[in-house]
Amino acid sequence: MQPTPPRSEQELFQRSLALAGHSLAELAAQAGVSLPDNLKREKGWVGQLLEWHLGATAGSKPEQDFPELGIELKTLPIDESGRPLETTFVCVAPLLGIAGQRWEECSVRNKLSRVLWIPVEASRTLPLGQRRVASPFLWSPSQQEEALLRQDWEELMEQIALGHIEQISARQGQVLQLRPKAANGRALTSAIGRQGQVIQTRPRGFYLKTGFTHALLRHHFLLG
DNA sequence: GGTTGATCATTC
DNA sequence: GAATGATCAACC
């Protein structure tokens with residue numbers, strides 16, 4: 001049976017510490033789920049497995065994983081050297097009704113205000129069941145980190161508001177990037193076009209670049 | 001080898 | 001379609 005929701009940040013963190021060092025095969029067995037052959041068709045499997053173990057309310061609710069604690073859970077796939085293997089999805093980017101949007105109340109800032117990062121071994125050469133959970137850590141952005149995020153966010157949002165979304169490259173941004181986020185390439189949503197008209201475009205999401213999450217890992221494990 | 005755009009499952 | 005959880009894999 002699934003653990004009850006944690007009642008405090010400390011309790012949540014203690015539970016996540018208890019997962020460290022365990023393999024995904026062990027954790028799957030405890031949860032009573034079978035290991036997929038690969039993640040090709042179940043890309044969120046690891047994240048959902050850890051949610052189960054930590055007592056997160058499952059589902060696709062548009063809120064933090066632990067709303068009563070104000071904490072977002074993020075698994076971070078790492079290689080054998082402890083480097084992130086993937087960018088980290090933050091949230092969908094709003095494309096309409098964004099005039100006057102302020103960093104202070106945007107979803108990027110809200111999502112990242114408090115994050116429980118759980119690194120997980122994810123080298124493709126390592127069979128899924130043998131991958132282990134690494135040491136988790138709680139994080140809130142430093143002033144410097146927030147300044148970087150804010151700068152990228154404001155730049156990207158201004159371009160979106162000005163109708164320049166199709167000119168935005170994923171290369172843009174020091175720490176935050178904008179990329180498609182959808183079921184497939186045919187999914188469409190409304191956005192602002194070059195002449196200010198409403199156009200249809202692929203939904204976009206904000207992602208943390210690996211350089212940023214790598215720095216978080218370094219700071220945590222080197223400087224601690 | 002790293003990045004960018006595409007994609008998968010599920011729920012509502 | 002939009003939200004949750006992300007990784008895949010073609011391409012530069």
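When reading the values below, keep in mind they use all heavy atoms of this one structure, side chains included, and skip hydrogens, waters and symmetry mates. In the text below, chain A, chain B and the rest are named by the order of the sequence lines, each starting its count at 1.
Between A:Arg83 and A:Ala182, the residue anchored nearer the 5' end of DNA chain B, judged by the nucleotide with its closest heavy atom, is A:Arg83. Mapping A:Lys181 and A:Glu86 onto DNA chain B via the closest heavy atom, the residue that lands nearer the 5' end is A:Glu86. Between A:Val90 and A:Arg131, it is A:Val90 whose nearest contact on DNA chain C lies nearer the 5' terminus.
In this structure, A:Phe206 places its CZ atom 17 Å from C1' of B:dT4, rounding to the nearest Å. Note: CD (A:Glu51) to P (B:dT11) measures 13 Å, nearest angstrom. One interatomic measurement links the two molecules: CZ of A:Arg179 to C1' of C:dA10, which rounds to 14 Å at whole-angstrom precision. Distance CZ (A:Arg171) to C1' (B:dG2): 12 Å, rounded to an integer number of Å. When rounded to the nearest whole Å, the span between CG of A:Asn38 and P of B:dA9 equals 11 Å. When rounded to the nearest whole Å, the span between CZ of A:Arg204 and P of C:dG1 equals 15 Å. Nucleotide C:dG5 holds its P atom 21 Å from the CZ atom of A:Arg41, rounded to whole Å. Note: CD (A:Glu42) to P (B:dT7) measures 19 Å, nearest angstrom.
In this structure, A:Ala183 reaches the bases: a heavy-atom distance under 4.0 Å links it to at least one base atom across the strands shown. Within the 4.0 angstrom heavy-atom criterion, only backbone atoms of the sugar-phosphate kind lie near A:Arg186; the bases stay farther away. Among the heavy atoms of the strands lying under 4.0 Å from A:Gly47 are primed sugar atoms or P, OP1, OP2 only; no base atom is included. Looking at heavy-atom distances under 4.0 Å, A:Val92 makes contact with sugar-phosphate atoms alone, never a base. At the heavy-atom level, A:Leu85 lies nowhere under 4.0 Å from the strands shown. The residue A:Gln172 sits apart from the nucleic acid: no heavy atom pair falls under 4.0 Å. Across all strands shown, A:Ser169 has no heavy atoms under 4.0 Å from either base or sugar-phosphate atoms.
Residue A:Gln48 places no side-chain N or O under 4.0 Å from the OP1 or OP2 atom of B:dA9. Phosphate contact (OP1/OP2 of C:dT4, side-chain N/O of A:Lys74, threshold under 4.0 Å): absent. In this model, the phosphate group of B:dT4 is not approached by any side-chain N or O of A:Thr87 to a distance below 4.0 Å at OP1 or OP2. Residue A:Thr210 places none of its side-chain N or O atoms closer than 4.0 Å to OP1 or OP2 of B:dG2.
Annotation for A:Glu158: atom CD does not count as buried by contact number, only 12 or fewer foreign heavy atoms lying within 6.0 Å.
Considering only heavy atoms from C-beta on, A:Leu176 comes within 4.5 Å of A:Trp153 through its side chain. Counting only heavy atoms from C-beta outward, the side chains of A:Thr210 and A:Glu86 never approach each other to under 4.5 Å.
With hydrogens and angles left out, the side-chain atoms of A:Gln177 and A:Arg171 include no donor and acceptor closer than 3.5 Å. Side chains of A:Arg204 and A:Thr189: no donor on one and acceptor on the other come within 3.5 Å. Using modelled atom types and a 3.5 Å distance limit, the side chains of A:Thr201 and A:Glu166 yield a donor-acceptor pair.
Classification of the A:Phe137-A:His220 ring pair by plane angle, with boundaries at 30° and 60°, yields parallel.
In this structure, the nucleotide among B:dG5, C:dT4, C:dT7 sitting nearest to the side chain of A:Ala170 is B:dG5.
Annotation: side-chain hydrogen bond (donor to acceptor under 3.5 Å, both in side chains) contacts involving residues 17-33 of chain A, sequence neighbours excluded, comprise A:His22-A:Glu26, A:Ser23-A:Glu26.
Note on A:Leu216 and A:Leu17: separate hydrophobic clusters, where clusters join Ile, Leu, Val, Met, Phe, Trp and Tyr whose side-chain heavy atoms are under 4.5 Å apart, directly or indirectly.
Residues from residues 17-33 of chain A that place a heavy atom under 4.0 Å from any atom of DNA chain C: there are none.
Judged by distance alone, with hydrogens and angles left aside, A:Lys43 brings a side-chain donor or acceptor within reach of the base of B:dT7, the pair sitting under 3.5 Å.
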